[in-house]
Enquirer: 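Questions regarding the structure given below will be posed in turn.
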2 protein chains.
Amino acid sequence: MRSITVLLVDDHFVVRSGLKALLGTQPDIQVVAEAASGEEALAMVEEHSPAVVVMDLAMGAGMDGIEAIRRIRERNGRQAVLVFTTYDSDADIVRAVDAGAMGYLLKDAAPEEIFAAIRGAVQGKSVMSAPVASRLFQQLRNPDEVLTPREAELLSLLTEGLSNRELGQRLFISEATVKTHLAHIYAKLGVETRAAAIATAIRREGMR
Amino acid sequence: MRSITVLLVDDHFVVRSGLKALLGTQPDIQVVAEAASGEEALAMVEEHSPAVVVMDLAMGAGMDGIEAIRRIRERNGRQAVLVFTTYDSDADIVRAVDAGAMGYLLKDAAPEEIFAAIRGAVQGKSVMSAPVASRLFQQLRNPDEVLTPREAELLSLLTEGLSNRELGQRLFISEATVKTHLAHIYAKLGVETRAAAIATAIRREGMR
DNA sequence: AGCCGTATCAGCCAAAAGGCTGAGAGACCA
DNA sequence: TGGTCTCTCAGCCTTTTGGCTGATACGGCT
(Lines give C-alpha, C1' and ligand atoms only; values in the text may rest on other atoms or scores of the structure.)
Protein backbone atom coordinates (compact mmCIF):
# COMPACT_ATOMS: atom_id res chain seq x y z
CA MET A 1 0.00 0.00 0.00
CA ARG A 2 1.30 3.42 -0.94
CA SER A 3 1.74 5.77 1.94
CA ILE A 4 -0.29 8.91 2.29
CA THR A 5 1.69 11.98 1.19
CA VAL A 6 1.28 15.03 3.41
CA LEU A 7 2.17 18.70 3.14
CA LEU A 8 2.55 20.60 6.42
CA VAL A 9 1.74 24.31 6.49
CA ASP A 10 2.47 26.27 9.62
CA ASP A 11 4.52 29.38 10.19
CA HIS A 12 6.08 27.96 13.37
CA PHE A 13 9.15 25.86 12.89
CA VAL A 14 8.66 23.86 16.06
CA VAL A 15 5.08 22.96 15.21
CA ARG A 16 6.14 21.73 11.80
CA SER A 17 8.95 19.62 13.16
CA GLY A 18 6.76 18.31 15.95
CA LEU A 19 4.08 17.27 13.56
CA LYS A 20 6.65 15.81 11.23
CA ALA A 21 8.17 13.73 13.99
CA LEU A 22 4.75 12.63 15.12
CA LEU A 23 3.57 11.65 11.66
CA GLY A 24 6.92 9.96 11.05
CA THR A 25 5.95 7.29 13.55
CA GLN A 26 3.18 6.12 11.22
CA PRO A 27 4.39 3.88 8.39
CA ASP A 28 1.48 4.77 6.13
CA ILE A 29 1.93 8.52 6.41
CA GLN A 30 4.76 10.43 4.77
CA VAL A 31 5.48 14.13 5.06
CA VAL A 32 6.73 15.13 1.63
CA ALA A 33 6.95 18.89 2.06
CA GLU A 34 6.57 21.80 4.44
CA ALA A 35 5.53 25.41 4.01
CA ALA A 36 5.59 28.42 6.32
CA SER A 37 3.11 30.60 4.43
CA GLY A 38 0.10 30.44 2.17
CA GLU A 39 2.17 31.31 -0.86
CA GLU A 40 4.70 28.59 -0.11
CA ALA A 41 1.87 26.15 0.44
CA LEU A 42 0.53 26.75 -3.05
CA ALA A 43 3.96 26.23 -4.56
CA MET A 44 4.46 23.02 -2.59
CA VAL A 45 1.08 21.68 -3.64
CA GLU A 46 2.02 22.40 -7.23
CA GLU A 47 5.36 20.66 -6.85
CA HIS A 48 4.45 17.62 -4.77
CA SER A 49 0.71 17.07 -5.22
CA PRO A 50 0.31 15.73 -1.69
CA ALA A 51 -2.78 13.71 -0.84
CA VAL A 52 -3.43 15.75 2.30
CA VAL A 53 -2.55 19.29 3.30
CA VAL A 54 -2.39 19.92 7.05
CA MET A 55 -2.65 23.65 7.56
CA ASP A 56 -2.65 26.18 10.36
CA LEU A 57 -5.06 29.05 9.77
CA ALA A 58 -3.01 31.75 11.45
CA MET A 59 -0.18 32.66 9.16
CA GLY A 60 2.04 35.51 10.17
CA ALA A 61 2.15 37.54 6.99
CA GLY A 62 0.74 37.40 3.51
CA MET A 63 -2.03 35.09 2.44
CA ASP A 64 -4.04 33.69 5.31
CA GLY A 65 -4.95 30.05 5.76
CA ILE A 66 -8.53 30.40 4.52
CA GLU A 67 -7.43 31.97 1.29
CA ALA A 68 -4.77 29.29 0.85
CA ILE A 69 -7.40 26.58 1.28
CA ARG A 70 -9.58 28.22 -1.32
CA ARG A 71 -6.76 28.47 -3.83
CA ILE A 72 -5.70 24.89 -3.28
CA ARG A 73 -9.24 23.65 -3.71
CA GLU A 74 -9.66 25.75 -6.84
CA ARG A 75 -6.61 24.34 -8.55
CA ASN A 76 -7.87 20.81 -8.63
CA GLY A 77 -9.88 18.90 -6.12
CA ARG A 78 -7.39 16.18 -5.37
CA GLN A 79 -5.92 17.56 -2.18
CA ALA A 80 -7.85 17.12 1.02
CA VAL A 81 -7.14 20.05 3.31
CA LEU A 82 -7.16 19.54 7.07
CA VAL A 83 -7.20 22.61 9.30
CA PHE A 84 -4.90 22.23 12.28
CA THR A 85 -5.08 25.26 14.47
CA THR A 86 -5.11 26.52 18.02
CA TYR A 87 -8.50 28.16 18.33
CA ASP A 88 -11.99 26.90 17.73
CA SER A 89 -13.47 30.14 16.48
CA ASP A 90 -16.98 29.86 15.08
CA ALA A 91 -16.19 32.22 12.26
CA ASP A 92 -13.01 30.41 11.31
CA ILE A 93 -14.79 27.08 11.28
CA VAL A 94 -17.53 28.38 9.02
CA ARG A 95 -15.07 30.03 6.68
CA ALA A 96 -12.72 27.06 6.57
CA VAL A 97 -15.50 24.62 5.77
CA ASP A 98 -16.85 27.04 3.22
CA ALA A 99 -13.41 27.30 1.61
CA GLY A 100 -13.38 23.53 1.24
CA ALA A 101 -11.59 22.15 4.31
CA MET A 102 -12.13 18.42 4.90
CA GLY A 103 -11.57 18.53 8.64
CA TYR A 104 -10.83 20.81 11.53
CA LEU A 105 -8.46 19.76 14.30
CA LEU A 106 -7.25 21.63 17.33
CA LYS A 107 -3.59 21.62 18.25
CA ASP A 108 -4.22 19.92 21.54
CA ALA A 109 -5.73 16.94 19.74
CA ALA A 110 -4.41 13.50 20.65
CA PRO A 111 -1.97 11.94 18.15
CA GLU A 112 -4.43 9.17 17.31
CA GLU A 113 -7.00 11.77 16.43
CA ILE A 114 -4.59 13.42 14.02
CA PHE A 115 -3.65 10.15 12.36
CA ALA A 116 -7.30 9.18 12.03
CA ALA A 117 -8.14 12.54 10.49
CA ILE A 118 -5.43 12.20 7.86
CA ARG A 119 -6.43 8.64 6.98
CA GLY A 120 -10.06 9.63 6.89
CA ALA A 121 -9.39 12.65 4.72
CA VAL A 122 -8.01 10.63 1.81
CA GLN A 123 -11.17 8.54 1.90
CA GLY A 124 -13.33 11.61 1.81
CA LYS A 125 -14.29 11.49 5.46
CA SER A 126 -14.66 14.64 7.47
CA VAL A 127 -13.07 14.57 10.88
CA MET A 128 -13.10 17.27 13.51
CA SER A 129 -12.08 17.70 17.12
CA ALA A 130 -14.87 17.30 19.66
CA PRO A 131 -15.06 21.00 20.61
CA VAL A 132 -15.28 21.94 16.96
CA ALA A 133 -17.99 19.37 16.32
CA SER A 134 -20.01 20.56 19.26
CA ARG A 135 -19.83 24.12 18.00
CA LEU A 136 -21.10 23.07 14.61
CA PHE A 137 -23.81 20.99 16.26
CA GLN A 138 -24.82 23.98 18.34
CA GLN A 139 -25.03 26.02 15.18
CA LEU A 140 -27.22 23.47 13.46
CA ARG A 141 -29.70 23.70 16.29
CA ASN A 142 -29.82 27.50 16.16
CA PRO A 143 -29.54 28.31 12.49
CA ASP A 144 -30.76 31.84 13.12
CA GLU A 145 -27.56 32.63 14.96
CA VAL A 146 -25.17 31.23 12.41
CA LEU A 147 -23.14 33.77 10.53
CA THR A 148 -22.97 33.31 6.78
CA PRO A 149 -19.47 32.95 5.34
CA ARG A 150 -19.56 36.53 4.15
CA GLU A 151 -20.67 37.77 7.52
CA ALA A 152 -17.97 35.76 9.22
CA GLU A 153 -15.42 37.27 6.89
CA LEU A 154 -16.67 40.74 7.72
CA LEU A 155 -16.63 40.06 11.42
CA SER A 156 -13.09 38.84 11.19
CA LEU A 157 -11.99 42.08 9.53
CA LEU A 158 -14.10 44.03 12.00
CA THR A 159 -11.98 42.69 14.84
CA GLU A 160 -8.99 44.33 13.22
CA GLY A 161 -10.54 47.70 13.87
CA LEU A 162 -11.48 48.67 10.32
CA SER A 163 -14.10 51.33 9.55
CA ASN A 164 -17.08 50.71 7.31
CA ARG A 165 -15.33 52.43 4.46
CA GLU A 166 -12.22 50.32 4.92
CA LEU A 167 -14.30 47.17 5.15
CA GLY A 168 -15.98 48.07 1.88
CA GLN A 169 -12.67 48.72 0.15
CA ARG A 170 -11.16 45.53 1.49
CA LEU A 171 -14.10 43.39 0.36
CA PHE A 172 -14.86 45.29 -2.85
CA ILE A 173 -18.41 46.11 -1.79
CA SER A 174 -20.19 49.39 -1.09
CA GLU A 175 -20.43 50.93 2.33
CA ALA A 176 -24.19 50.35 2.19
CA THR A 177 -23.63 46.64 1.87
CA VAL A 178 -21.17 46.71 4.72
CA LYS A 179 -23.81 48.31 6.90
CA THR A 180 -26.35 45.69 5.90
CA HIS A 181 -23.99 42.88 6.81
CA LEU A 182 -23.11 44.55 10.08
CA ALA A 183 -26.77 44.94 11.02
CA HIS A 184 -27.26 41.21 10.44
CA ILE A 185 -24.13 40.38 12.43
CA TYR A 186 -25.25 42.53 15.35
CA ALA A 187 -28.64 40.83 15.37
CA LYS A 188 -27.07 37.38 15.33
CA LEU A 189 -24.54 38.21 18.03
CA GLY A 190 -27.17 39.96 20.12
CA VAL A 191 -25.33 43.28 20.33
CA GLU A 192 -26.09 46.84 19.28
CA THR A 193 -22.72 48.40 18.57
CA ARG A 194 -19.62 47.53 16.66
CA ALA A 195 -17.58 47.79 19.81
CA ALA A 196 -19.69 45.14 21.49
CA ALA A 197 -19.53 43.01 18.36
CA ILE A 198 -15.74 43.15 18.40
CA ALA A 199 -15.62 42.36 22.10
CA THR A 200 -18.03 39.48 21.67
CA ALA A 201 -16.26 38.16 18.62
CA ILE A 202 -12.84 38.17 20.21
CA ARG A 203 -13.94 36.74 23.52
CA ARG A 204 -16.65 34.36 22.42
CA GLU A 205 -15.29 33.35 19.07
CA GLY A 206 -11.68 33.16 20.11
CA MET A 207 -10.49 35.51 17.40
CA ARG A 208 -7.45 37.61 17.81
CA MET B 1 30.42 18.46 30.76
CA ARG B 2 27.00 17.66 32.10
CA SER B 3 24.17 18.39 29.76
CA ILE B 4 21.56 21.03 30.51
CA THR B 5 18.37 19.47 31.84
CA VAL B 6 15.17 20.95 30.46
CA LEU B 7 11.48 20.73 31.36
CA LEU B 8 9.02 21.50 28.56
CA VAL B 9 5.66 22.98 29.48
CA ASP B 10 3.04 23.40 26.75
CA ASP B 11 -0.49 22.17 26.49
CA HIS B 12 -0.04 21.19 22.86
CA PHE B 13 1.34 17.74 22.28
CA VAL B 14 2.81 18.56 18.89
CA VAL B 15 4.64 21.60 20.16
CA ARG B 16 6.19 19.58 22.97
CA SER B 17 7.30 16.80 20.66
CA GLY B 18 8.56 19.29 18.11
CA LEU B 19 10.61 21.10 20.67
CA LYS B 20 11.82 17.83 22.11
CA ALA B 21 12.97 16.60 18.71
CA LEU B 22 14.61 19.93 18.04
CA LEU B 23 16.45 20.07 21.36
CA GLY B 24 17.40 16.41 20.93
CA THR B 25 19.74 17.42 18.15
CA GLN B 26 21.90 19.29 20.66
CA PRO B 27 24.26 17.05 22.66
CA ASP B 28 24.45 19.46 25.57
CA ILE B 29 20.70 19.80 26.05
CA GLN B 30 18.52 17.09 27.48
CA VAL B 31 14.76 17.16 27.89
CA VAL B 32 14.12 15.35 31.14
CA ALA B 33 10.39 15.96 31.52
CA GLU B 34 7.28 17.42 29.94
CA ALA B 35 4.14 18.99 31.35
CA ALA B 36 0.85 20.04 29.78
CA SER B 37 -0.33 22.38 32.53
CA GLY B 38 0.90 24.71 35.23
CA GLU B 39 0.09 22.17 37.93
CA GLU B 40 1.99 19.43 36.14
CA ALA B 41 4.89 21.80 35.61
CA LEU B 42 5.22 22.39 39.34
CA ALA B 43 5.18 18.65 40.01
CA MET B 44 7.80 18.03 37.35
CA VAL B 45 10.05 20.76 38.70
CA GLU B 46 9.75 19.15 42.10
CA GLU B 47 10.58 15.74 40.73
CA HIS B 48 13.36 16.51 38.26
CA SER B 49 14.84 19.86 39.27
CA PRO B 50 15.60 20.83 35.67
CA ALA B 51 18.11 23.58 35.01
CA VAL B 52 15.76 25.32 32.58
CA VAL B 53 11.98 25.38 32.23
CA VAL B 54 10.71 26.23 28.74
CA MET B 55 7.11 27.29 29.11
CA ASP B 56 4.18 28.41 26.99
CA LEU B 57 2.10 31.12 28.62
CA ALA B 58 -1.25 30.08 27.19
CA MET B 59 -2.36 27.01 29.05
CA GLY B 60 -5.78 25.68 28.24
CA ALA B 61 -7.21 25.19 31.70
CA GLY B 62 -6.18 25.71 35.28
CA MET B 63 -3.12 27.67 36.33
CA ASP B 64 -1.80 29.96 33.63
CA GLY B 65 1.81 30.27 32.62
CA ILE B 66 2.50 33.47 34.53
CA GLU B 67 1.28 31.97 37.78
CA ALA B 68 3.31 28.83 37.13
CA ILE B 69 6.45 30.92 36.64
CA ARG B 70 5.81 32.72 39.90
CA ARG B 71 5.35 29.49 41.82
CA ILE B 72 8.44 27.92 40.34
CA ARG B 73 10.52 30.97 41.17
CA GLU B 74 9.13 31.07 44.68
CA ARG B 75 10.06 27.48 45.45
CA ASN B 76 13.75 28.01 45.01
CA GLY B 77 15.63 30.10 42.55
CA ARG B 78 17.55 27.38 40.79
CA GLN B 79 15.37 26.98 37.75
CA ALA B 80 15.67 29.47 34.94
CA VAL B 81 12.31 29.90 33.25
CA LEU B 82 12.15 30.70 29.55
CA VAL B 83 8.84 31.84 28.09
CA PHE B 84 8.15 30.29 24.71
CA THR B 85 4.90 31.54 23.30
CA THR B 86 3.06 32.66 20.19
CA TYR B 87 2.19 36.25 20.93
CA ASP B 88 4.29 39.21 21.90
CA SER B 89 1.70 40.94 24.03
CA ASP B 90 3.04 43.92 25.94
CA ALA B 91 1.14 42.96 29.05
CA ASP B 92 2.30 39.36 28.92
CA ILE B 93 5.91 40.38 28.54
CA VAL B 94 5.76 42.72 31.49
CA ARG B 95 3.94 40.18 33.62
CA ALA B 96 6.29 37.35 32.68
CA VAL B 97 9.39 39.36 33.46
CA ASP B 98 7.78 40.50 36.68
CA ALA B 99 7.05 36.90 37.61
CA GLY B 100 10.71 36.07 37.16
CA ALA B 101 11.13 34.80 33.61
CA MET B 102 14.73 34.73 32.34
CA GLY B 103 13.84 35.10 28.69
CA TYR B 104 10.99 35.50 26.26
CA LEU B 105 10.97 33.69 22.94
CA LEU B 106 8.39 33.60 20.19
CA LYS B 107 7.38 30.34 18.59
CA ASP B 108 8.59 31.41 15.21
CA ALA B 109 12.12 31.86 16.55
CA ALA B 110 14.94 30.17 14.68
CA PRO B 111 16.27 26.95 16.26
CA GLU B 112 19.65 28.56 16.95
CA GLU B 113 17.91 31.31 18.85
CA ILE B 114 16.20 28.76 21.05
CA PHE B 115 19.42 26.84 21.74
CA ALA B 116 21.24 30.05 22.56
CA ALA B 117 18.50 31.14 24.93
CA ILE B 118 18.65 27.87 26.84
CA ARG B 119 22.43 27.94 27.12
CA GLY B 120 22.33 31.56 28.11
CA ALA B 121 19.65 30.98 30.72
CA VAL B 122 21.78 28.61 32.80
CA GLN B 123 24.49 31.25 32.86
CA GLY B 124 22.06 33.86 34.05
CA LYS B 125 21.78 35.62 30.73
CA SER B 126 18.49 37.07 29.58
CA VAL B 127 17.58 36.33 26.00
CA MET B 128 14.55 37.48 24.11
CA SER B 129 13.33 37.45 20.54
CA ALA B 130 13.96 40.61 18.60
CA PRO B 131 10.29 41.72 18.44
CA VAL B 132 9.98 41.26 22.18
CA ALA B 133 13.13 43.19 22.92
CA SER B 134 12.07 46.01 20.65
CA ARG B 135 8.74 46.26 22.45
CA LEU B 136 10.42 46.55 25.81
CA PHE B 137 12.88 49.05 24.43
CA GLN B 138 10.03 51.02 22.92
CA GLN B 139 8.30 51.18 26.25
CA LEU B 140 11.41 52.42 28.00
CA ARG B 141 12.02 55.11 25.41
CA ASN B 142 8.47 56.36 25.15
CA PRO B 143 6.98 56.69 28.60
CA ASP B 144 4.49 59.02 26.91
CA GLU B 145 2.74 55.99 25.53
CA VAL B 146 2.06 54.48 28.91
CA LEU B 147 -1.56 54.71 29.91
CA THR B 148 -2.44 56.35 33.21
CA PRO B 149 -4.37 54.16 35.70
CA ARG B 150 -7.63 55.89 34.85
CA GLU B 151 -7.04 55.47 31.14
CA ALA B 152 -6.24 51.82 31.60
CA GLU B 153 -9.45 51.42 33.56
CA LEU B 154 -11.40 53.04 30.77
CA LEU B 155 -9.71 50.94 28.13
CA SER B 156 -10.53 47.82 30.02
CA LEU B 157 -14.22 48.73 30.10
CA LEU B 158 -13.99 49.77 26.48
CA THR B 159 -13.04 46.23 25.52
CA GLU B 160 -16.35 45.11 26.94
CA GLY B 161 -18.14 47.03 24.26
CA LEU B 162 -19.58 49.90 26.32
CA SER B 163 -20.69 53.19 24.76
CA ASN B 164 -19.43 56.56 25.95
CA ARG B 165 -22.61 57.06 27.93
CA GLU B 166 -22.26 53.69 29.60
CA LEU B 167 -18.61 54.32 30.35
CA GLY B 168 -19.54 57.58 32.02
CA GLN B 169 -22.22 55.94 34.12
CA ARG B 170 -19.96 53.10 35.11
CA LEU B 171 -17.14 55.42 36.16
CA PHE B 172 -19.34 58.21 37.58
CA ILE B 173 -17.93 60.80 35.20
CA SER B 174 -19.49 62.86 32.43
CA GLU B 175 -19.54 61.80 28.81
CA ALA B 176 -17.27 64.75 28.05
CA THR B 177 -14.62 63.36 30.36
CA VAL B 178 -14.98 59.97 28.78
CA LYS B 179 -14.29 61.52 25.40
CA THR B 180 -11.23 63.29 26.73
CA HIS B 181 -9.81 60.09 28.14
CA LEU B 182 -10.58 58.24 24.93
CA ALA B 183 -8.81 60.84 22.84
CA HIS B 184 -5.71 60.40 25.02
CA ILE B 185 -5.95 56.64 24.81
CA TYR B 186 -6.24 56.73 21.02
CA ALA B 187 -3.20 58.96 20.79
CA LYS B 188 -1.16 56.67 23.02
CA LEU B 189 -2.21 53.53 21.21
CA GLY B 190 -1.74 55.13 17.83
CA VAL B 191 -5.27 54.51 16.58
CA GLU B 192 -8.14 56.69 15.43
CA THR B 193 -11.25 54.76 16.27
CA ARG B 194 -12.65 52.96 19.25
CA ALA B 195 -12.88 49.78 17.23
CA ALA B 196 -9.15 49.87 16.54
CA ALA B 197 -8.48 50.68 20.17
CA ILE B 198 -10.42 47.64 21.28
CA ALA B 199 -8.68 45.44 18.75
CA THR B 200 -5.29 46.80 19.77
CA ALA B 201 -6.03 46.50 23.46
CA ILE B 202 -7.17 42.93 23.28
CA ARG B 203 -4.44 41.79 20.94
CA ARG B 204 -1.47 43.87 21.97
CA GLU B 205 -2.12 44.42 25.62
CA GLY B 206 -3.37 40.95 26.22
CA MET B 207 -6.69 41.98 27.71
CA ARG B 208 -9.50 39.57 27.33
C1' DA C 1 5.43 79.71 44.56
C1' DG C 2 5.35 77.80 40.06
C1' DC C 3 5.25 73.76 37.02
C1' DC C 4 3.55 69.40 35.48
C1' DG C 5 0.75 65.39 35.21
C1' DT C 6 -3.79 63.73 36.03
C1' DA C 7 -8.64 63.96 36.13
C1' DT C 8 -12.54 66.47 35.50
C1' DC C 9 -15.96 69.15 32.39
C1' DA C 10 -18.15 72.16 28.20
C1' DG C 11 -19.34 73.48 23.60
C1' DC C 12 -19.06 73.18 18.70
C1' DC C 13 -18.72 70.93 14.55
C1' DA C 14 -17.81 67.15 11.15
C1' DA C 15 -17.64 62.38 10.36
C1' DA C 16 -18.99 57.77 11.32
C1' DA C 17 -22.14 54.51 12.72
C1' DG C 18 -26.71 52.64 13.28
C1' DG C 19 -32.01 51.92 12.37
C1' DC C 20 -35.31 51.55 8.93
C1' DT C 21 -37.45 50.43 4.58
C1' DG C 22 -37.19 48.68 0.16
C1' DA C 23 -35.24 46.14 -3.71
C1' DG C 24 -32.73 43.41 -7.41
C1' DA C 25 -29.75 39.30 -8.73
C1' DG C 26 -28.22 34.68 -8.30
C1' DA C 27 -28.25 30.10 -6.05
C1' DC C 28 -30.59 26.41 -4.27
C1' DC C 29 -34.34 23.56 -3.27
C1' DA C 30 -39.04 21.68 -2.94
C1' DT D 1 -42.35 27.56 -10.78
C1' DG D 2 -42.28 29.59 -6.46
C1' DG D 3 -40.09 30.16 -1.96
C1' DT D 4 -35.93 30.98 0.63
C1' DC D 5 -31.24 32.38 1.47
C1' DT D 6 -27.43 35.18 0.50
C1' DC D 7 -25.25 39.06 -1.24
C1' DT D 8 -25.60 43.27 -3.10
C1' DC D 9 -27.08 48.42 -3.04
C1' DA D 10 -29.78 53.02 -1.94
C1' DG D 11 -31.89 56.76 0.69
C1' DC D 12 -33.22 58.97 4.96
C1' DC D 13 -32.89 60.04 9.50
C1' DT D 14 -31.04 59.83 14.38
C1' DT D 15 -27.49 58.81 17.47
C1' DT D 16 -22.79 58.23 18.43
C1' DT D 17 -18.26 59.16 17.95
C1' DG D 18 -14.17 61.93 17.17
C1' DG D 19 -11.40 66.47 16.67
C1' DC D 20 -10.62 70.79 18.56
C1' DT D 21 -10.17 74.38 21.87
C1' DG D 22 -10.31 75.84 26.32
C1' DA D 23 -11.07 75.56 31.33
C1' DT D 24 -10.93 74.16 36.54
C1' DA D 25 -8.99 71.49 40.30
C1' DC D 26 -5.87 68.67 42.90
C1' DG D 27 -1.43 66.61 44.09
C1' DG D 28 3.46 66.18 43.80
C1' DC D 29 7.97 67.95 42.68
C1' DT D 30 11.47 71.55 42.37
Side-chain angles (χ1 to χ4, degrees), chain A residues 66 70 73-74 90-91 93-100 136 139-201, chain B residues 139 141-201:
Chain A
I66 301 282
R70 201 179 314 276
R73 298 289 307 167
E74 270 171 6
D90 283 351
I93 296 172
V94 170
R95 290 172 61 211
V97 170
D98 186 61
L136 278 184
Q139 294 195 340
L140 284 180
R141 291 200 323 182
N142 293 359
D144 287 355
E145 294 175 12
V146 181
L147 299 181
T148 67
R150 193 58 157 172
E151 284 163 0
E153 195 178 359
L154 230 127
L155 181 57
S156 171
L157 289 175
L158 194 65
T159 63
E160 289 178 15
L162 277 64
S163 68
N164 290 348
R165 183 169 307 169
E166 290 168 325
L167 289 172
Q169 288 168 349
R170 191 77 80 86
L171 298 176
F172 304 107
I173 56 180
S174 80
E175 216 175 312
T177 305
V178 170
K179 290 172 88 171
T180 304
H181 283 310
L182 285 182
H184 294 159
I185 291 172
Y186 296 164
K188 289 180 179 178
L189 293 184
V191 299
E192 276 109 46
T193 67
R194 99 172 19 217
I198 294 172
T200 301
Chain B
Q139 290 198 340
R141 286 199 327 181
N142 293 343
D144 287 355
E145 294 177 11
V146 180
L147 299 180
T148 69
R150 192 58 160 173
E151 285 163 0
E153 196 179 356
L154 231 130
L155 181 57
S156 170
L157 289 176
L158 195 64
T159 63
E160 291 177 13
L162 277 64
S163 69
N164 289 350
R165 182 168 307 170
E166 291 168 325
L167 289 172
Q169 288 168 348
R170 191 77 80 86
L171 298 175
F172 305 106
I173 57 179
S174 79
E175 216 176 312
T177 306
V178 170
K179 290 173 82 171
T180 304
H181 284 310
L182 285 181
H184 294 158
I185 291 172
Y186 296 166
K188 288 180 179 178
L189 293 185
V191 300
E192 277 111 45
T193 67
R194 100 171 19 216
I198 294 172
T200 302

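A, B, ... follow the sequence lines: proteins, then strands. Residue 1 opens every chain. Note: hydrogens, waters and symmetry copies are ignored here, and every other heavy atom, side chains too, is used.
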Enquirer: Go through the structure and list residues passing side-chain hydrogen bond (donor to acceptor under 3.5 Å, both in side chains) with A/Thr193, not counting sequence neighbours.
Expert: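 With neighbours one apart ignored, the set is empty.
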
Enquirer: The criterion is side-chain hydrogen bond (donor to acceptor under 3.5 Å, both in side chains); which residues satisfy it with A/Thr180, sequence neighbours excluded?
Expert: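 In terms of side-chain hydrogen bond (donor to acceptor under 3.5 Å, both in side chains), with neighbours along the sequence ignored, A/Thr180 is linked to no residue.
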
Enquirer: B/Glu153 CD to C/dA7 C1': how many Å, rounded?
Expert: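 In whole Å, C/dA7 C1' lies 12 Å from B/Glu153 CD.
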
Enquirer: Would you please name every residue forming a side-chain hydrogen bond (donor to acceptor under 3.5 Å, both in side chains) with A/Arg70, sequence neighbours left out?
Expert: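 side-chain hydrogen bond (donor to acceptor under 3.5 Å, both in side chains) check on A/Arg70 returns nothing, list empty.
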
Enquirer: Can you name the residues that form a side-chain hydrogen bond (donor to acceptor under 3.5 Å, both in side chains) with B/Glu153, not counting sequence neighbours?
Expert: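 Applying side-chain hydrogen bond (donor to acceptor under 3.5 Å, both in side chains) to B/Glu153 gives B/Arg150.
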
Enquirer: Just the atom pairs and distances: protein N or O near nucleotides 24-29 of chain C's N or O, under 3.5 Å.
Expert:
none

Enquirer: Over how many whole Å does the gap from B/Phe172 atom CZ to C/dA7 atom P extend?
Expert: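 My rounded result for the distance is 17 Å.
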
Enquirer: Give every residue pair that meets the side-chain hydrogen bond (donor to acceptor under 3.5 Å, both in side chains) criterion with at least one member in residues 161-170 of chain A, sequence neighbours excluded.
Expert: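 For residues 161-170 of chain A: A/Ser163-A/Glu166, A/Asn164-A/Arg194.
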
Enquirer: If you measure from CD on A/Glu160 to OG1 on B/Thr200, what distance do you get to the nearest 0.5 Å?
Expert: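 Those atoms lie 10.5 Å apart.
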
Enquirer: Do you know which two heavy atoms are closest between B/Ala197 and B/Leu158, and how far apart they sit?
Expert: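 For B/Ala197 versus B/Leu158, the nearest heavy atoms are CB-CD2, 4.1 Å.
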
Enquirer: Extract, from 5' to 3' on DNA chain D, the first and final nucleotides lying under 4.0 angstrom from some heavy atom of chain B.
Expert: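 First and last nucleotides in contact are D/dT16 to D/dG19.
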
Enquirer: Working to the nearest 0.5 angstrom, can you tell me the gap between B/Leu154 CG and B/Leu182 CG?
Expert: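 The CG atom of B/Leu154 sits 5.5 Å away from the CG atom of B/Leu182.
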
Enquirer: Once rounded to the nearest 0.5 Å, what's the spacing between atom NE2 of A/His181 and atom OH of A/Tyr186?
Expert: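 Those atoms lie 13.0 Å apart.
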
Enquirer: Could you tell me which non-hydrogen atom of B/Gly161 sits nearest to which non-hydrogen atom of A/Ala199, and how far apart they are?
Expert: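 Heavy atoms of B/Gly161 and A/Ala199 come nearest at N-CB, 4.0 Å.
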
Enquirer: Does any non-hydrogen side-chain atom of A/Thr148 lie less than 4.5 Å from one of A/Lys188?
Expert: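 Counting from C-beta outward, A/Lys188 and A/Thr148 do come under 4.5 Å.
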
Enquirer: Nearest 0.5 angstrom please: A/Ile198 CD1 to A/Leu155 CG, how far?
Expert: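 CG of A/Leu155 is found 8.5 Å from CD1 of A/Ile198.
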
Enquirer: Compute the angle between the rotation axes at the two ends of the helix from C/dA1-D/dT30 to C/dA30-D/dT1, each taken over five pairs, rounded to 10 degrees.
Expert: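 The angle separating the two end axes equals 40°.
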
Enquirer: From CG of B/Leu154 over to C1' of C/dA7, roughly how many Å is that when rounded to an integer?
Expert: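 Nearest whole value for this atom pair: 11 Å.
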
Enquirer: What is the per-nucleotide protein-contact pattern of nucleotides 10-23 of chain C, from the 5' end, where B denotes a base atom under 4.0 Å from a protein heavy atom, S denotes such proximity for sugar-phosphate atoms only, and - denotes neither?
Expert: B-----SSBB----

Enquirer: Say you draw a straight line from CG of A/Leu189 to NE2 of A/His184; how long is it, rounded to the nearest 0.5 Å?
Expert: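 A/Leu189 atom CG to A/His184 atom NE2 measures 13.0 Å (nearest 0.5 Å).
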
